[in-house]
Amino acid sequence: MKNICLYFQVHQPFRFKKYSFFDMGKEHYYYDDFLNESVMRKVAEKCYLPANNLLLKLIEQNKGEFKVTFSISGTALDQFELYAPEVLESFQKLAETGCVEFLAETYSHSLVSLHNKDLFKEEVKKHTKALKNLLGIKKPKVFRNTELIYSDMLGKDIFEMGFKGVLAEGAKHILGWKSPNYIYCNPLEPKLKLLLRNYNYSDDIAFRFSDTSWTEYPLTAKKFASWIASDENEESQIVNLFMDYETFGEHHNAATGIFDFLEHLPTAVLEEELKFITPSEAVSSLDTVSPMSMPYPTSWADEERDVSAWLGNEMQKEAFDKLYQLAPLIKKIDNKKLKRDWEYLQTSDAFYYMSTKWFTDGDVHTYFNPYPSAYDAFLNYMNILSDFSQEVHKLISPSNKKDDIIAELKEELKHKEKQLKEYQEIIKSL
Amino acid sequence: MKVLMFGWEFPPHISGGLGTACYGLTRGLSTFEDMDILFVVPKTHGDEEPKRMELLGAENVAIDFSKLNTNRFKKLQVYSHLVPYTSPDEYYAFQEQSEESQIKHIKSRGKTFFNFTGKYGKNLMEEISDYSIVAYNIAQEHDFDIIHSHDWLTYPAGIVAKEATGKPLVIHVHATDFDRSGGNVNPDVFKIEKDGMEAADSIITVSNLTRDTVIHKYGISPEKVTTVYNAVEPLKLSDNIKKESKLDEKIVTFLGRITHQKGPTYFIEAAKKVLDKTDNVRFVMAGSGDMMEKMIRHAASLGITDKFYFTGFLKGDDVFKMFYQSDVYVMPSVSEPFGISPLEAMQTDVPTIISYQSGVAEVVKHALKVNYWDTDALANAIYGLITYPSMAKTFKEFGRKEVESLKWENSAANVRDVYFKTLEKTNN
């Protein structure tokens, strides 16, 4: 029996306000509250709330047969608390059903995994803690890195953190003739199981659903389920449908019928004798067929399925390097505001906006992009980073003026005492 | 197809983007087998690059005609003091140079020969009408299918040629008086421009910015107006220019006529803002124009003249020397129909900041764009480019490629399309 794993990524970054070099040294609040709140409210009303309600209804109707999986970034959780607490509540309700799994990731939806293992682990811990506090989730068993970034070496790090499984892209250039519909394992840590995204089926929903020029338009749940049921050989274990949660109501608005599709999906899938499964169930119940090596970092972004959307050009590399140069200093400071800024500065979206690839790669990169060009994104980020760096350095070496003054005074005192002695001796000799 | 083109002088006698554009376009058209061009220009000097076109003077028509019939391209020169990109109010820079050229070009009047000697500016309108009389003669003596006039000074010539022969007229709008005057349009110029646009069967504009001006300010029907973007000639430079070493300090350059249209004030104000924050930078304003003295006083009043330089008018290789010395090129134009010089800066790997109020902003992706009045944003962009090294690197990597893809051949192909559509339209 084939399984379907339905997973949604939920993420919102803290977008920065327009920050010019005039602001450096004067203004230390970096966020565009209005923009962040309005995007969050808009997406909450168009996607998160109606989709959560629908999922809740479907879970109740199907009595344990329908299961979905989420990963919610720490920055998104923060924004729910700030701007849309009712979304957080509805996720809590979903968590209580027992049919919804939440995956671990980095707190700030960052690229830290590509920089440093220890920092990476800290970031993941922080996220796991937030999941527990806000949604009551106990330690997740399966990990999903930012935008499905994964490689053999990262798999090793992830296994060391205690995860049993990890989500990754079923990139064609990696898979070759192999099918993404099986459980694979990391070649360095064979106990770490890989769930690979089936990008054909996933993109049927995420990208093509509302495309009227697509030969399969309109896509119905029944048609979709029958494709999966009749596809390939009988033995395939799992079809992984991974996508942005914003697919529902935001990338495709409600008028396209995307919610109807979702509503009828469980029945259609169950009628085809397919089964819904969560990643942790898959990891514990399905056997590995073979190791799968991914020597270089892959992701689910763009045609290339690599990390060039975030670290492809010189500007992105400079920004990334300058940011993580501060990491050792951040450890030493104990300042709530700066620690929070540190998280939000790491969010991968900031680097995504600096990509020069979107000039050719269509409009996915421009989605919610507040900048007119990659250059403007870079300028703004670097100005903020410069100010942040100055603030951090101030705390690290608090100008030792006091000590200096005391030392000076002591020196003077010594000198005076010496003089005094000399004078006393002169007096004695007189 | 035979084209009668009223254009402007070729390199090396360039006094603005118009000559460059005419040259590039004609060269581009010359790559098409089916294009025959008779090129009429005012005031040639005799040392232009002939390439595939031949030079003819209006006075010489009768004399040289047989000799110059061999190539598909011919160029007629008409002795006139018309200079591109000028208006009656704006001839400051040219007045100074005009004495010498007057002596050179005075020729005796013959029966069929025309000779324009009026002092520039004073009799501009007379010059234009004299020029159109020549156009009438040329039109009657030559065989062609379509007429193409570049910018307002030659619109009347185009109209006359159309009236004389009944052939369709295409006018090419490189600028309008709204761009040159900053809104205070000269009614005489406006009338000539509007007459030209109304008489034309098709209008080519150099950007959508200019297209909007033509449609909304001159009340022209949108179907008649097509945008054809300019391009840039591939760069050929002698090695000695490239090898010159740079100063340690960063150089930020404004290069262009110092007139209201080019926004020099905003450049100076942004310079002041950058200099308030950082010291390791110098600013250069290269060019001349009616606002130069005012700008020098402005820089002095802001107290930045120790870091701010005026070079005066640059020509030929000096332009590219300046680019090679520069770390940032700024074009803060208030109203720029197209603007080729940012493309030249990009060819020499200079990161470029342009105003949204320029046609070139519609074509170029790898440049920073600001609103000309937003001197804070301009200062911020300059600061970023001189402070964060990877930005300049990225510009170099992508900017050069982008510019290389902007070829005159492509622009010429679009112009050719306009010709064919116009002929089709007028034949029906």
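Just so it is clear, the values below take in all heavy atoms, side chains as well, and ignore hydrogens, waters and symmetry mates. Naming convention: chains lettered A, B, ... in sequence-line order (proteins, then strands); numbering from 1 in each chain.
In this structure, B/Lys217 forms a cation-pi arrangement with B/Phe178, its terminal cationic atom sitting closer than 6.0 Å to the ring centre and no more than 45° off the ring axis.
A centroid separation of less than 6.0 Å is found between the aromatic rings of A/Tyr381 and A/Phe351. Ring centroids of B/Phe320 and B/Tyr324 are separated by 6.0 Å or more, keeping the two rings apart. For B/Phe267 and B/Phe308, the ring centers sit closer than 6.0 Å to each other. Close placement of the A/Tyr31 and A/Tyr344 rings is indicated, their centers lying within 6.0 Å of each other.
Top candidate by heavy-atom pairs under 4.5 Å with chain A, chosen from B/Lys393, B/Met391, B/Glu397, is B/Met391. Chain A forms more heavy-atom pairs under 4.5 Å with one residue of B/Ser390, B/Ala381, B/Ala377 than with any other, namely B/Ser390.
Here the side chains of A/Glu169 and A/Met294 are not in contact, with every heavy-atom distance at 4.5 Å or above.
Heavy-atom distances place both the backbone and the side chain of B/Tyr388 under 4.5 Å from chain A. Both the backbone and the side chain of B/Ala379 come within less than 4.5 Å of a heavy atom in chain A. Heavy atoms closer than 4.5 Å to chain A are found in both the backbone and the side chain of B/Pro389. Contact of A/Asn383 with chain B is made through backbone and side chain together, with heavy-atom distances under 4.5 Å.
Below 30°, between 30° and 60°, or above 60°: for B/His366 and A/Tyr375 the angle between ring planes is above 60°, a perpendicular geometry.
When every heavy atom of B/Leu385 is checked against every heavy atom of B/Ala392, the shortest pair comes out as CD2-N, 4.5 Å.
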Does B/Phe323 form a ring-ring contact (aromatic ring centres under 6.0 Å, His included) with B/Tyr329? I'd like the steps, not just the answer.
CA-CA 8 Å; B/Phe323 281 140; B/Tyr329 172 72; 5.5 Å; yes

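Inspection of non-hydrogen atoms places A/Ser20, A/Phe21, A/Phe22, A/Met24 of residues 20-30 of chain A under 4.5 Å from chain B.
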